[in-house]
Asks: 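Please read through the structure below; I'll follow up with questions.
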Amino acid sequence: MADTPEELAARLGSPDDVQDFLHQPYTAALHALVAMGPRALPALAPLLKAPDALTRERAIVAIRDIASRITDGDALWRTLQGYDPSAPQDERDRAADRWSEWIAKQ
C-alpha cells in the first residue's frame with residue numbers, strides 16, 4: 001500500500017532537518033522526497049504555507065525539481081505564476097493554492 005502524504009512526511013522527518021551545506025537549501029529529507037518523484041508532491045504542497053520562510057523555500061525548490069522531471073518546469077512556473085516564499089501571506093497562499101491544484105492533478 002502506498003504511503004499517504006502524512007505518512008511520507010512523518011517517515012522522512014522534517015524537510016528542515018540535517019542541512020546539506022553544499023547544496024542549500026536542500027536537506028537530507030528534501031533529497032529523499034525529491035528522489036521519490038511525483039508521489040512526494042502531496043507531502044510537499046502543504047509546506048508552501050508553512051510559517052517558516054526557509055521551509056517554504058525548501059518546499060518550492062523540491063516541487064520545482066520534481067516538476068521539471070515530469071514536465072517543462074519553466075513553462076509550468078510561468079503558467080502557475082511562480083511562488084515567492086517571502087511574499088506577503090495572502091500572495092503566498094494564492095500561489096500555494098495554484099501549485100496545490102496542479103499537484104492534485106498529478
Asks: Out of curiosity, Arg64 CZ to Leu80 CG, how far, rounded to the nearest 0.5 Å?
Replies: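 Output value for this atom pair is 10.5 Å.
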
Asks: Which atoms form the tightest heavy-atom contact between Ala67 and Trp102, and what is the distance?
Replies: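 Taking Ala67 first and Trp102 second, the nearest heavy atoms are CB-CH2, 3.7 Å.
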
Asks: If you round to the nearest 0.5 Å, how far is CD1 of Ile103 from NZ of Lys105?
Replies: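 One finds 12.0 Å between NZ of Lys105 and CD1 of Ile103.
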
Asks: Can you name the nearest heavy-atom pair linking Ser68 to Asp65, along with the distance?
Replies: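 Distance-wise, the nearest heavy atoms are OG-O, 2.8 Å.
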
Asks: CD1/Ile66 to OG1/Thr71 distance, rounded to the nearest 0.5 angstrom?
Replies: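 So the CD1 of Ile66 and the OG1 of Thr71 are separated by 13.5 Å.
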
Asks: With rounding to the nearest 0.5 angstrom, report the CD to CD distance, Glu91 to Gln81.
Replies: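 Interatomic distance, Glu91 CD to Gln81 CD, rounded to 0.5 Å: 10.0 Å.
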
Asks: Applying salt bridge (charged side-chain N to carboxylate O under 4.0 Å, His left out), can you list everything that pairs with Arg56, at least two apart in sequence or on another chain?
Replies: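 Listed in chain order: nothing, the list is empty.
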
Asks: Is there a side-chain contact between Asp84 and Arg92 in this structure, where contact means two heavy atoms from C-beta onward sitting under 4.5 Å apart?
Replies: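 Asp84 does not reach Arg92 side chain to side chain.
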
Asks: Could you pull out every donor-acceptor pair under 3.5 Å between side chains of residues 42-51 and any protein atom, sequence neighbours left out?
Replies:
| unit_1 | atom_1 | unit_2 | atom_2 | d |
| --- | --- | --- | --- | --- |
| Lys49 | NZ | Asp97 | OD1 | 2.7 |

Asks: Side chains of Trp99 and Leu41, heavy atoms from C-beta outward: is any pair under 4.5 Å?
Replies: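 No; the side chains remain at least 4.5 Å from each other.
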
Asks: Run the salt bridge (charged side-chain N to carboxylate O under 4.0 Å, His left out) test on Asp90 and Arg94 for me, step by step, so that the C-alpha distance in whole Å, both residues' side-chain angles and the decisive distance to 0.1 Å come before the verdict.
Replies: CA-CA 6 Å; Asp90 60 334; Arg94 284 191 304 274; 3.7 Å; yes

Asks: With rounding to the nearest 0.5 angstrom, report the CZ to CG distance, Arg98 to Leu76.
Replies: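 Here the interatomic distance stands at 11.0 Å.
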
